[in-house]
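First listed ligand is number 1; within each ligand, the first listed atom is number 1. Predicted, not measured: the structure shown is a model, and the values here were computed from it.
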Amino acid sequence: MKYTPQIITADYLYLEGLFVRDWGIVFDTKIIAVKPYDTLIEEYPNAHRIAKIPHSVLYPGLINTHVHLEFSANKTTLRYGSFVPWLDSVIADRNRLTENCTEEMMQEACTQMLQSGITAFGAVSSFGLDLPSCIWTPQRVVFFNELIGSNPVTADQLYGNFLERFEASSLHTQSRVTPAIAIHSPYSVHPSILQKAVALAKAKQCVLSAHFLESQAERAWLEGSDGDLKAFFASAFGQTEALSNIDGFLSHFEEYPTHFIHCIQANDKELHRFSQAGHTVAHCPRSNRLLGCGRLRIEKLKELGIPFAVATDGLSSNYSLNIFDELRAALMMHHELKLHELSLWLLRSVTQDAARILGLNCGRITQGYQADFALVQLPNIPQIEEDIALWTILYTQKVAQLYIEGKQYV
Ligand code: BEZ
Ligand code: FE2
């Protein structure tokens with residue numbers, strides 16, 4: 001559907017990582033032109049002009065590449081502080097948590113993201129229970145059907161179930177849902193089905209993601225079938241040996257750029273491999289802090305040219321899905337990095353880089369891109385233009401307006 005062209009303006013537009021004053025955008029469902037506002041109103045006299053709000057900064061819609069909606073019922077159930085006790089609590093409570101997770105809770109999770117400026121997100125779906133809310137929500141959803149299963153006896157059955165969910169999620173492109181594939185992790189997916197899922201991703205050319213080296217316990221288990229996961233695998237699955245090692249796991253993804261989640265414990269050699277293969281990283285600072293996993297070296301990723309996206313993870317390891325809460329946490333966690341530069345990195349990570357990671361034609365204010373916007377209102381007009389990115393992150397709880405494909409939703 002096409003709309004009458006509209007013109008939106010703000011005190012500042014976030015254009016290619018810079019803030020430009022008094023520019024505007026003419027758009028229908030896509031961006032038609034981006035120019036100084038005075039020029040635009042002359043060139044498009046019949047376009048509908050959206051009233052400008054004071055102290056405003058217009059961004060492309062923000063993007064959260066990694067969330068688990070099916071765990072939205074968790075508040076005070078799962079054990080935080082350390083990775084393996086948390087995983088123990090997930091195994092013990094996951095059925096109850098997903099049973100208690102109502103449609104309303106998942107819709108509320110989407111709405112919370114929407115209000116914080118999120119126009120697109122990557123939803124990791126373990127069971128397919130979140131598909132209706134992803135169809136319902138106006139946001140673009142890259143729907144990551146998750147494959148899990150370390151036991152070779154049940155692996156084929158689990159793969160069959162995964163395929164059914166993948167097919168079911170492929171029927172909703174008109175609701176802006178795009179099917180994708182998530183490998184749960186190197187320690188939880190048997191190599192035989194892992195290989196099939198990667199082959200499917202290649203055949204369908206869909207986005208692929210995997211949790212990877214989130215904790216020191218994961219590293220110790222993959223390197224020598226030892227560490228804190230040893231007792232977990234013995235008691236939960238009667239398993240004494242890791243399914244694969246780190247190099248073996250990564251070799252599955254050599255020819256297909258993949259979005260790896262967390263990667264805190266990845267060493268320089270593994271990160272070099274990432275940069276060679278074109279892989280990207282989801283950075284979830286609050287989840288990492290709450291599960292005692294440490295700090296991702298985003299400065300190393302920058303040095304190696306590995307794109308990363310700040311993401312919330314699910315409410316199974318977080319207390320909100322507000323992307324600005326996450327950006328503030330990132331700002332505080334990376335306390336040794338330069339504040340202004342870091343603020344710019346973080347905003348880029350949830351716009352342009354996140355869109356490329358999810359294969360979406362958005363995340364930039366450029367002609368031909370989707371008309372997805374998040375309009376932020378600062379408390380006052382910025383006196384120091386260099387600090388607009390920082391102030392946006394510090395002060396924004398909810399966006400003032402939000403557009404997806406040219407239509408206003410906030
Ligand atoms: C499994 O389903 O095989 C699995 C789940 C979580 C952690 C490890 C293995
Ligand atoms: Fe996750």
Looking only at protein heavy atoms, which one is nearest to [atom], and what is the separation?
{"atom": "atom 8 (C) of ligand 1", "result": "Ser188 CB, 3.6 Å"}
{"atom": "atom 6 (C) of ligand 1", "result": "Ile91 CD1, 3.9 Å"}
{"atom": "atom 7 (C) of ligand 1", "result": "Tyr187 CE1, 3.8 Å"}
{"atom": "atom 1 (C) of ligand 1", "result": "Phe237 CZ, 3.4 Å"}

Here the atoms of ligand 1 under 4.0 Å from any heavy atom belonging to Gly149 are 3 (O)
I need the atoms of ligand 1 closer than 4.0 Å to a non-hydrogen atom of Ile148, numbered in the order shown. 2 (O), 5 (C)
Between His211 and His66, does any side-chain donor sit less than 3.5 Å from a side-chain acceptor? yes
Supply the atom-to-atom distance Tyr59 OH to Thr119 OG1, rounded to the nearest 0.5 angstrom. 14.0 Å
How are the rings of Phe162 and Phe166 set to each other: parallel, tilted or perpendicular (split at 30° and 60°)? tilted
Atom name of the N, O or S atom of Asp313 nearest to the Fe ion (ligand 2) is OD1
Rounded to 10 degrees, what angle sits at the Fe ion (ligand 2) between His66 NE2 and His68 NE2? 90°
With a 4.5 Å heavy-atom cut-off, do Phe373 and Ile31 have their side chains touching? yes
Can you check whether Arg286's main-chain N or O pairs, donor with acceptor, with Glu326's side chain at less than 3.5 Å? yes
Under the side-chain contact (heavy atoms from CB on, under 4.5 Å) test against Val57, which residue among Ile388, Leu375, Leu13 passes? Ile388
Ionic contact status for Lys269 with Asp247, cut-off 4.0 Å: yes
For Ser150 and ligand 1, does the shortest N/O to N/O distance drop below 3.5 Å? yes
